[in-house]
Amino acid sequence: MPRPRDDDFATRVVAWFAGAARPLPWRAADLSPWAVLVSEFMLQQTQAARVVPFWERWMARWPTPAALASEPAAEALRAWDRLGYPRRALWLHAAATELVERHGGEVPRGLDALLALKGVGPYTARAVAAFAFGDRHPVVDTNTRRVIARAIDGVAVAAPPSAARDLPAMERLLPADREAAHAFNAGAMELGATVCTARTPRCDECPVAALCAWRAAGYPPHEGPRRRTQARFEGSDRQLRGRVMRELRAAHTPVPRGELAALEPDETRLDRVLASLVADGLAVGAVDGYALPHN
DNA sequence: AAGACGGGGCC
DNA sequence: GGCCCAGTCTT
């Protein structure tokens, strides 16, 4: 059971969310669990505003798991276009196939069945369980972790993700009532995304500013090790992978290696990247060149 | 526990 | 330019 102060915290977030929620299309009422699952795949490490048009097109074309499963993975990769992390498209296509083959074409309701799907981890499984089915689970993403770190723990920056710590921390705050829990899960994420932001928090607009431990402590700066600086993207293998995938998406016949060599003068590097794409299942190599996977 | 994995938004 | 983003998988 939440302590009284935690109850107050949740109540304020829920009330704020009722009036401040962005009108994101996957929050519409009576959406299918499939629609929610698609949104959660697309939202992994990707800002919500950028996902909107991709999700709209995807749902118009593939309104059910069976619709997606009936087409080759190459079409999923083409529709994914430049959203990033194309393995997600591959996993979503594989998940659709598994839903058809093992779950009657429906998204399963249970956490264990959801976690068994490729590309579904602790966050996505609980997000689908909570937002698609209304079940009471703690949903913790990067926004929620930052809100809890500041408002509850009184520190500027959240510790690295840890389901072992993050889920119990959210569970302590989660209202007992199903609908309130749903709104608190969504509201805590929204608060982190739009008010309690990483860079410049807008504390003057925060519904829990009066309860915030970080604010009460005088906004102490982050102490301890900095998050490891992310590797440079320009000139990276990741960038080259993206460029190769762009070529493969545009082609409808195998692309000869000689054509791909125009993307990268260093043949060793090109071959390393091609091998990694094949290993990931994002490309298939044949005698006449490389192509997107058919299945 | 640490790295790899896209691409774009934002300061 | 660097940091961040509704994470997950692999080693």
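Side chains are part of it too, since the values below use all heavy atoms of this structure and drop only hydrogens, waters and symmetry mates. First the proteins, then the strands, lettered A, B, ... as listed; each starts at 1.
Here P160(A) lies out of heavy-atom contact (under 4.0 Å) with every strand. Residue A198(A) is in sugar-phosphate contact alone, with no base atom involved, counting any heavy-atom pair closer than 4.0 Å across all strands shown.
With 3.5 Å as the limit, one finds no donor-acceptor pair spanning the side chains of T11(A) and D8(A).
Distance check on atom P: dG6(B) versus dT10(C) gives 14 Å, rounded to whole Å. The same atom, P, is picked in dG3(B) and in dC3(C); the two are 16 Å apart, to the nearest Å. Taking atom P on both nucleotides, dA6(C) is separated from dC5(B) by 22 Å, rounded to a whole Å.
Under the salt bridge (charged side-chain N to carboxylate O under 4.0 Å, His left out) criterion, D266(A) pairs with no residue at all, not counting sequence neighbours. Annotation: salt bridge (charged side-chain N to carboxylate O under 4.0 Å, His left out) contacts of R243(A) (sequence neighbours excluded): none. With sequence neighbours excluded, no residue satisfies salt bridge (charged side-chain N to carboxylate O under 4.0 Å, His left out) with E247(A). Annotation: salt bridge (charged side-chain N to carboxylate O under 4.0 Å, His left out) contacts of E205(A) (sequence neighbours excluded): R202(A).
Positionally, the nearest nucleotide of DNA chain C for A193(A) lies more toward the 5' end than for the other of A193(A) and V120(A). Residue whose closest nucleotide on DNA chain B sits further toward the 5' end, between T46(A) and T200(A): T46(A). Along DNA chain B, the nucleotide nearest to A231(A) and the one nearest to R243(A) differ in position, and the one closer to the 5' end is contacted by A231(A). Mapping T142(A) and K118(A) onto DNA chain C by nearest heavy atom places T142(A) at the nucleotide closer to the 5' end.
Remark: G84(A), Y85(A), P86(A), R87(A), R88(A) in residues 84-95 of chain A come within less than 4.0 Å of DNA chain B through at least one heavy atom. Residues from residues 14-38 of chain A that place a heavy atom under 4.0 Å from any atom of DNA chain C, listed by number: R22(A), L24(A), W26(A), R27(A). For residues 266-284 of chain A, proximity to DNA chain B is found at no residue, defined as any non-hydrogen atom under 4.0 angstrom from a strand atom.
For the pair R12(A) and F9(A), the cation does not sit on the ring face, since its NZ or CZ is not both under 6.0 Å from the ring centre and inside 45° of the axis.
Results of the side chain to side chain contact (heavy atoms under 4.5 Å, CB included) test with L240(A) over M245(A), E264(A), R272(A) single out E264(A) as the only residue that passes. Just one residue in the list W34(A), W80(A), F41(A), W26(A) forms a ring-ring contact (aromatic ring centres under 6.0 Å, His included) with W58(A), and that residue is W80(A).
Running 5' to 3' along DNA chain C, contacts with non-hydrogen atoms of chain A at under 4.0 Å begin and end at dG2(C) to dT10(C).
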Begin with the C-alpha distance, continue with both residues' side-chain angles, and end with the deciding distance and a verdict on side chain to side chain donor-acceptor pair (under 3.5 Å) for R241(A) and S276(A).
CA-CA 9 Å; R241(A) 280 170 60 104; S276(A) 77; 2.9 Å; yes
May I have the step-by-step check of side chain to side chain donor-acceptor pair (under 3.5 Å) for W62(A) and E75(A), ending in yes or no?
CA-CA 11 Å; W62(A) 297 306; E75(A) 286 310 300; over 6 Å; no
Run the side-chain contact (heavy atoms from CB on, under 4.5 Å) test on L167(A) and E171(A) for me, step by step, so that the C-alpha distance in whole Å, both residues' side-chain angles and the decisive distance to 0.1 Å come before the verdict.
CA-CA 6 Å; L167(A) 296 178; E171(A) 172 64 41; over 6 Å; no
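Screening residues 91-104 of chain A for side-chain hydrogen bond (donor to acceptor under 3.5 Å, both in side chains), with sequence neighbours left out, gives no hits.
Separating the CZ atom of R238(A) from the C1' atom of dG7(B) is a distance of 9 Å, rounded to the nearest angstrom. Per the geometry, CZ belonging to R232(A) stands 18 Å off C1' belonging to dG3(B), to the nearest Å.
Checked by atom type and distance alone, the side chain of D141(A) pairs as donor or acceptor with a backbone atom of N143(A) at under 3.5 Å.
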Taking only N/O atoms, report every protein-nucleotides 8-10 of chain B pair under 3.5 Å with atom names and distance.
{"residue": "dG8(B)", "atom": "OP1", "partner": "R82(A)", "partner atom": "NH1", "Å": "3.4"}

Side chains of residues 105-112 of chain A: which donor-acceptor pairs under 3.5 Å do they make with residues two or more places apart or in other chains?
{"residue": "R109(A)", "atom": "NE", "partner": "D135(A)", "partner atom": "OD1", "Å": "3.4"}
{"residue": "R109(A)", "atom": "NE", "partner": "D135(A)", "partner atom": "OD2", "Å": "2.9"}
{"residue": "R109(A)", "atom": "NH2", "partner": "D135(A)", "partner atom": "OD1", "Å": "2.6"}

Result block: side-chain N/O donor-acceptor pairs under 3.5 angstrom for residues 113-133 of chain A, not counting sequence neighbours:
{"residue": "Y123(A)", "atom": "OH", "partner": "E40(A)", "partner atom": "OE1", "Å": "2.7"}
{"residue": "T124(A)", "atom": "OG1", "partner": "Q44(A)", "partner atom": "NE2", "Å": "2.9"}
{"residue": "R126(A)", "atom": "NH1", "partner": "P122(A)", "partner atom": "O", "Å": "3.1"}

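In R61(A), the CZ atom is crowded: over 12 heavy atoms of neighbouring residues, nucleotides or ligands sit closer than 6.0 Å.
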